[in-house]
Amino acid sequence: MPKESLPGIAAFASHSAVQVVIGATEEGLRAVLFGDERALRLYRRFPVLKFDQRPYEGIGTLDSLGEEGYVLVPNGSVVEYVGAENVVRTRIPVFGSRRLLAIESSQESKMRLLREAMIPVPKEYGSPEEVEGPVIVKFPGARGGRGYFVASSPEEVRRGLETACASGVLRPGERPIIQQYVVGTTLYAHFFHSPVHRRTELTGFDVRYESDADGLRRAPMGVVERVSPTFTVVGNFPVFPRERLLETFAELGERFVEAVVRVTGQPFAGPFCLESVVDRDLNVHVFEFSGRIVAGTNVYLKHGSPYLALYFGEPMTVGRRIALELRVSAETGSLIEVLT
Ligand code: AMP
């Protein structure tokens, strides 16, 4: 098919945009980045990236990109800056499920979907008074864990919530989630659901490098007790789980996709992530999901995902995996299965 009649890929200029642009080019698709001038400038610094660019001026920018034959590949920055409700409203076709993005943007509906998928999740408390043992208190939106705090008594939870309200981290009308703090190691499992191949692929795993939770490990004695850890994501590390855990994650990924299709009533395609803590008995507790590409997949930006190599015989980034699915769906007349 000539390049002009294939859909192009549009991405917000942030997050995982490098691999999305490279992947589009590798699969012979056009790419466009939108965002503010400073965000776009970063991508212009790299001569290898071939893309068109647009200033982001609200939902109208997305609508016009749709008219130009682009498909939106949503990333975390779209959820944060454009807003899930705008992504649901825009006329540009979305790769993956736009309803899932709306579910993802609400902590409550997000956890409900995980439970619907029969995925093990940490216990939740309805109010500070019910708290027993360590908890993590979370606020709405994909804000990199900003302002989250850990507490171990009803009193500590109440105090933390008061501070969050006073500092504006918790806005009026927003409901925090008070969740059991699971002791273990975090593991972020990346997947790609392919209607073309009728399978849910494991694409890799990362661990987030979070401030101040990770920084406190290096803090001098006496500081640790005085700082309540926050979880602002600063970067990501690749991690290779023990092979015996892979089947557990593969099954969780498949259950997730089945639940998404059931709950949204829409087809589902593309990348997603199950964010988990693995405890000392190797039980996996999923505390959150992302229904789109996660920045943790940037850890295999250069060499490609070692797990995707097991499906395709060659390593591949998730950016390229998206472009491949889109191109093949366009060529076989089955775009309806990957776009909403
Ligand atoms: P989230 O925004 O939900 O991804 O949470 C931010 C960070 O908080 C995660 O990357 C974990 O390090 C930590 N975290 C979140 N939920 C839990 C939990 N239930 N138990 C332990 N750590 C958690």
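First listed ligand is number 1; within each ligand, the first listed atom is number 1.
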Scan for ring pair (Phe, Tyr, Trp, His ring centres under 6.0 Å) pairs involving residues 7-26, sequence neighbours excluded, and state none if there are none.
Phe12-Phe34, Phe12-Tyr81

How does Phe289 reach ligand 1, if at all, at less than 4.0 Å between non-hydrogen atoms: by side chain, backbone, both, or neither?
neither

Where ligand 1 meets Arg208 - atom numbers and elements under 4.0 angstrom, heavy-atom basis
4 (O)

Within the 4.0 Å heavy-atom shell around Gln180, which atoms of ligand 1 are there?
18 (C), 19 (N), 20 (N)

Any side-chain heavy-atom pair of Val207 and Pro238 under 4.5 Å
no

SB check Lys50 Glu26 (cutoff 4.0 Å):
no

Arg327 with Glu27: basic N within carboxylate O range, under 4.0 Å
yes

Let me see the working for Tyr311 and Tyr307 under ring pair (Phe, Tyr, Trp, His ring centres under 6.0 Å), right down to the final yes or no.
CA-CA 7 Å; Tyr311 300 94; Tyr307 296 99; 8.6 Å; no

Can an N or O of Lys138 be found at a distance shorter than 3.5 Å from an N or O of ligand 1?
yes

Heteroatom proximity flag, Pro122 to ligand 1, N/O under 3.5 Å:
no

Quick look: Tyr181 vs ligand 1, heavy-atom contacts under 4.0 Å, and the answer is both

Candidate with minimal heavy-atom separation from atom 17 (C) of ligand 1, of Ile136, Val182, Val137, Val135
Ile136

Is the closest basic N to carboxylate O distance between Glu67 and Arg91 below 4.0 Å?
yes

Can you list the atoms of ligand 1 that are under 4.0 Å from a heavy atom of Thr186?
11 (C), 12 (O)

Pick from Tyr209, Tyr148, Phe231, Phe139: the one approaching atom 13 (C) of ligand 1 most closely through a non-hydrogen atom
Phe231

Arg158/Glu155 ion pair, N-O < 4.0 Å:
yes

